[in-house]
Amino acid sequence: MKQEVDVSKLTFEQLKKVRAYLKKMIEVGGSDLHIKANAVIRARINGNIVQFSGGILSKEDALTFAKELLKGRFGEFVEQKELDLVYPYDENNRFRVNIFFQMDGVSAVFRVIPVKIPSFDQLHLPDIIKTFTQKERGLVLVTGVTGSGKSTTLAALINEINVTKKKHIITIEDPIEFVHKDRGCIINQRSVGQDTKSFGNALRAALREDPDIILVGEMRDKETINLALHAADTGHLVFSTLHTIDAKETINRIIAQFPTDEQNRVRLSVAGVIQGVISQRLVPTIDGGRRAAMEILVRTPRIEKLIMENRDYEIRDAIEAGKEHYHSQSFDQSILDLYNDGIISKEQAMKNATSASDLELKISGLTSGKVGENSSGKAPEIAEDDADIFDLK
């Protein structure tokens, strides 16, 4: 039986205190506020956790805060033990909230959701990413660890389509973060739990709702992945996210979700529909901010062949070799560009590189270090699979 809350007996004093900390975090440009029973309140600012409160939030006050925040959903929280929601602070600030039980009581994390969707220029996104919005069908994935800016990049992609095309876009999210208004496109945004029971249910229904573009907030399980691949294969452009660190791991993670006897089928399906993989890492900048270093896989005949033939270990080399002609790039190429442009320090470049030793050689001048060149300092040869694109055979 669900626990009900008598809202009339709540004073909302604890929620008012948390709102004061949210206000402070907004003012200093933080990204996350951490509430924890029997602990001080902390925030993440420019990637670092800092203490915000002087006093400790008691276990009882943390539970009261949960009741004040959730009100009628408190019973659901007690039953599920964790809950996702969006908290509107005011007209200009919204937060994605995950509230959960832990050994000392209740904890919650508030993540800032910008109300205004940043542009490609504001996010410093490479031009090649914009071309993914011009595809008519296929699968585009944005990957990275939690807090790497995946949702923001996806929002920029959807916004670009919204202002440049006349399409029907369906988003399936848990919860809805960025709110898109109809411009050139019709946009139907559905929240899992509120507007649909699951990603799978919403995806199945979406195929009957005349969509051109489908955004799946996260490919969490085999069912969602299978449906997303099917949608991409039947003439839809599908965007989604995965918690993976790079393109190679992304391909492996998708295929590993399936039983061994199905993996070859799935591998062929992925090879046939993948249009791009954007993997992100937020790197602290010299001026105190953060900038996304990005690995960008672009679909090419060679990439398709590598995926089909289970040669995923060659994907990073193919990405690097395609920088000049396809504008793909590995993390280390992206990080080297950021360092050469004076945006990040050498320390941060080394810390965030995939191969710090290779990057050190390029920075030290022992190789030319020019993007698109290999360790010998020569431009990489174009693979035979791609040569016909440039009439080089």
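Residue numbers start at 1 and run along the sequence shown.
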Would you say R281's side chain and N352's backbone share a donor-acceptor pair under 3.5 angstrom? yes
Of the non-hydrogen atoms in N188 and H168, which two are nearest, and what is the gap between them? ND2-NE2, 3.0 Å
K24 with E27: basic N within carboxylate O range, under 4.0 Å: no
Taking all non-hydrogen atoms of both residues into account, name the closest pair between K150 and T143 and its distance. CD-C, 3.5 Å
Does the side chain of R267 pick up a donor-acceptor pair with the side chain of N310 at under 3.5 Å? yes
Please report the shortest heavy-atom distance between L207 and H230, naming the atom on each side. CD1-CD2, 3.6 Å
Flag the pair F110 / Y89 as yes when their ring centroid distance falls below 6.0 Å, and as no otherwise. no
Kindly give the heavy-atom pair with the smallest separation between L33 and L22, and that separation in Å. CD2-CD2, 3.6 Å
Electrostatic pair K165:E160 at N-O distance under 4.0 angstrom: no
In plain terms, say whether R42 and D32 are close enough for a salt bridge, that is, a side-chain N and a carboxylate O under 4.0 Å apart. no
Looking at F258, I'd like to know if the NZ or CZ of R265 sits under 6.0 Å from its six-membered ring centre while staying within 45 degrees of the ring's axis. yes
Examine R94 relative to Y87 and say whether NZ or CZ is less than 6.0 Å from the centre of the six-membered ring and inside a 45° cone about the ring axis. no
E304 side chain to T300 main-chain N or O, any donor-acceptor pair under 3.5 Å? no
Under a plain distance cut-off of 3.5 Å, with no hydrogens placed, do E320 and S330 share a side-chain donor-acceptor pair? yes
Side-chain donor or acceptor of R96 paired with backbone N/O of V86 under 3.5 Å: no
Heavy atoms only: give me the nearest S328-I296 pair and the separation to one decimal. CB-O, 3.2 Å
Quick one: are V192 and I172 in side-chain contact, heavy atoms under 4.5 Å? yes
Between the side chain of K81 and the main-chain N/O of V78, is any donor-acceptor distance below 3.5 Å? yes
Under 3.5 Å, side chain of E13 to main-chain N/O of F65, donor-acceptor pair present? no
Would you please say whether a donor-acceptor pair under 3.5 Å links the side chains of K323 and Q329? yes
Ignoring hydrogens and geometry, is there a side-chain-to-backbone donor-acceptor pair from D90 to N92 under 3.5 Å? yes
If only atom types and distance count, is the side chain of E136 paired as donor or acceptor with the main-chain N or O of L237 below 3.5 Å? no
So, are R19 and E68 salt-bridged, with charged N and O less than 4.0 Å apart? no
Backbone of S119 reached by a side-chain donor or acceptor of Q122 within 3.5 Å: yes
Has the side chain of D332 got a donor or acceptor atom that lies under 3.5 Å from a matching backbone atom of A353? no
Does any N or O in the side chain of Q280 come within less than 3.5 Å of the main-chain N or O of S148, such that one atom is a donor and the other an acceptor? yes
How close do S279 and I245 get, counting heavy atoms only, and between which atoms? CB-O, 3.8 Å
What verdict does the side chain to side chain donor-acceptor pair (under 3.5 Å) test give for E173 and T171, after you've listed the backbone C-alpha separation in whole Å, the side-chain angles of each residue and the deciding distance to 0.1 Å? CA-CA 6 Å; E173 304 170 73; T171 78; 2.7 Å; yes
Members sharing V109's hydrophobic cluster (side chains within less than 4.5 Å): F100
T64 and Q14: side chain donor to acceptor below 3.5 Å: no
Between CE on residue M294 and CG on residue D337, distance to nearest 0.5 Å: 13.0 Å
